[in-house]
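Everything on this sheet refers to the single structure shown next.
In what follows, chains are A, B, ... by sequence order, proteins preceding strands, each numbered from 1.
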Amino acid sequence: MNAFSCQSARSFKSVVWTAGLVLLAAIVLAVASLLPESSPLHASAFVVSLAGKYLAYAMLALSVDLVWGFAGILTLGHAAFFGLGGYAMGMYLMREIGARGAYGDANLPDFMVFLSWKSLPWYWCGTDHFAWAMMLVLVVPALLAGVFGWLAFRSRVSGVYLSIITQALTYALMLAFFQNGFGFGGNNGLTDFKDILGADLHAPATRAALLVATGVALAAALLAARFIVGSRFGNLLVAVRDAENRTRFLGYRPDQVKLLVWVFSAMLAAVGGALYVTQVGIINPGEFAPANSIESVIWVAVGGRGTLSGAVLGAILVNFGKTLFTAWLPEFWLYGLGLLFIGTTLFLPNGIMGLWRPTKKNDPEEITPEVSAPEGEHP
Amino acid sequence: MTEALLLDVRNVSVTFDGFRAINSLSLALKPGEMRAIVGPNGAGKTTMMDIITGKTRPDSGTATFKGHDLTRLDEPAIARLGIGRKFQKPTVFEALTVTENLLLSLKGIRSPFAVLFARQSSRERERLAELLSLTRLESVANSTAGDMSHGQKQWLEIGMLMGQEPDLLLVDEPVAGMTDAETMATADLLREINKTRSVVVVEHDMDFVRALGVPVTVLHEGSVLAEGTLDDVSADPRVIEVYLGR
């Protein structure tokens with residue numbers, strides 16, 4: 001268009017392709033699952049829910065990449081937002097059960113009857129409405145991320161200290177959700193869901209629709225993330241990541257810049273969590289376990305940090321590997337994951353996506369060497 | 001006080017862990033003035049810059065810029081008021097291209113939401129072209145800043161400062177690590193910049209200060225030791241004592 005438009009190396013063309021592929025794969029699998037079981041192309045319910053789970057995880061990975069790859073915030077607690085989104089969706093699904101629960105109470109979920117509660121806690125109000133529950137999916141994680149980020153970024157907490165606090169955040173949530181009195185089913189979490197918006201959750205058509213919905217959400221999230229990192233704001237994010245102080249002296253407030261992308265990322269993770277719960281059929285405090293957040297960072301590292309597509313690719317591949325591995329050699333999975341992470345760090349610093357890209361002469365992370373005599377004159 | 005001062009630092013003191021980095025320092029700058037600050041290591045040159053740009057809060061004293069109290073503002077607010085700062089070590093955004101670096105520096109949009117939806121305006125395009133030619137970086141406009149030579153990074157950073165359109169430029173040792181030719185070219189550039197803006201330059205290189213041909217303030221142990229032309233202060237026995245003595 002003009003000579004000075006940003007012809008950046010970071011144009012993220014692959015992201016559009018990835019979004020298209022994700023959507024295509026979801027639709028193809030969904031259609032295949034609706035074929036008669038005798039058809040050779042039939043996809044089983046197991047495969048469909050597995051694919052849905054992978055795509056939901058990919059959404060979490062994407063949200064991690066957005067803050068880690070572009071804003072330099074190494075989050076080790078993003079599963080907190082994923083879990084909160086999942087619980088908000090779980091609350092709605094619990095209310096949908098209605099009187100069909102084991103205790104037959106039309107108003108109270110089973111676990112509350114079991115705890116001899118007489119009425120719903122106030123924060124469960126309105127969760128029988130799908131729209132309200134969806135609002136909770138977005139707003140609760142956004143609020144938590146907003147408060148947490150505001151405090152952390154304003155106090156200029158960064159680097160490994162921030163990582164540790166994010167880890168503490170998700171751990172604290174895990175402990176809280178384990179409490180029966182917290183009102184979310186304690187240890188067992190929320191489960192035994194029957195239907196969503198009146199459609200049977202176990203029906204092939206509903207499963208197919210949920211898979212497509214997850215594909216659409218992930219594709220949309222990819223495009224939104226691409227818009228963000230491709231915009232001038234994306235440049236500002238990278239600037240804050242590499243030289244935060246310098247941006248301050250240009251008149252930017254890096255705390256606000258980080259807060260914006262942090263909250264958006266939390267909301268993406270939460271949508272992933274909500275879609276995850278519909279397809280996996282359970283949400284319990286284990287989702288908040290610190291190991292889950294760390295795993296999501298490994299997915300991003302394996303796929304390629306700061307590439308968006310790599311996050312999706314990494315999440316799907318590593319989880320596929322996990323599915324195979326845990327079926328064959330369950331006790332060795334964690335060792336495998338650890339080796340994968342070490343191997344990636346040593347041999348593939350730019351992840352799988354790094355294989356496609358020409359290796360750069362200068363690593364941007366590298367500190368400028370103090371050159372005593374500059375080599376070239378200005379032409 | 002007949003003429004309004006652009007920058008007025010008065011009786012400022014700062015102590016770090018008992019060490020008095022700045023001791024009742026005063027510095028006044030009229031609009032359009034250029035001043036060179038010299039002084040041995042530890043004289044408080046950088047701390048003085050830190051106070052003016054909001055990085056360090058003084059323990060006592062006042063600092064005003066265009067009538068605003070600088071001691072109550074943080075770095076971004078002071079930058080938006082119109083004080084630009086160039087650090088000793090060139091700090092450009094290495095992962096971005098030269099053009100992207102300059103674009104981020106351009107005066108105007110600063111709030112995150114506005115930046116998110118910003119589209120390059122024709123005025124911004126013109127400014128970029130001006131800055132690229134001023135800093136002689138047109139041929140590398142779309143190269144990654146991290147791949148530039150040291151001198152080019154210095155010039156890019158000066159270009160970014162110009163992009164901010166500040167009223168006052170603080171420049172910390174701009175010619176450190178430059179060749180003689182680059183040093184003289186930088187002196188020319190600063191004199192050119194001074195036609196429209198006030199400039200404070202901190203520098204060790206006396207040839208460079210002489211080439212600038214501007215009033216000199218000598219700092220020593222956190223306060224002003226002497227002020228005047230380079231020849232006057234060079235002849236001042238106290239200055240000679242500080243630089244050569246002991």
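A:T247 contributes atom OG1, which lies 9.0 Å from atom CG of B:L104 (distance to the nearest 0.5 angstrom). Separation of atoms CD1 (B:I109) and CZ (A:F233) is listed at 13.0 Å; rounding is to 0.5 Å. A distance of 12.5 Å separates CD1 in B:I78 from CZ in A:R248, rounded to the nearest 0.5 Å. Atom CZ in B:F93 sits 5.0 Å away from atom CG in A:L250 (nearest 0.5 Å).
Here the closest non-hydrogen pair linking B:A95 and A:R241 is CB-NH2, 4.0 Å.
Contacts of B:A114 with chain A are absent, with no heavy-atom separation under 4.5 Å from either backbone or side chain. Neither the backbone nor the side chain of B:Q154 comes within less than 4.5 Å of any heavy atom in chain A. Contact annotation for B:L81: neither backbone nor side-chain heavy atoms come within less than 4.5 Å of a heavy atom of chain A. With a threshold of 4.5 angstrom between heavy atoms, B:K107 does not approach chain A through any atom at all.
More than 12 heavy atoms of other residues, nucleotides or ligands shown are found within 6.0 angstrom of CZ on B:R57.
Residues A:F249 and B:K55 have side chains in contact (heavy-atom distance under 4.5 Å, counting atoms from C-beta outward). Under the 4.5 Å side-chain criterion, counting only non-hydrogen atoms from C-beta, B:F87 is not in contact with A:N245.
Of the residues A:L236, A:L260, A:V261, the one that meets the side-chain contact (heavy atoms from CB on, under 4.5 Å) test with B:P112 is A:L260.
When each of A:A239, A:P254, A:S231 is scored by its heavy-atom pairs under 4.5 Å with chain B, the top score falls to A:A239. Contact tally against chain A (heavy-atom pairs below 4.5 Å) for B:R80, B:E157, B:R110, B:Q164: the top residue is B:R110.
For B:D74 and A:R253, the salt-bridge test passes: some basic side-chain N is under 4.0 Å from an acidic carboxylate O. A salt bridge links A:R156 to B:E75: one of the charged nitrogens lies within less than 4.0 Å of a carboxylate oxygen. Under 4.0 Å is where a charged nitrogen must lie from a carboxylate oxygen, and between A:R232 and B:E100 no such pair does.
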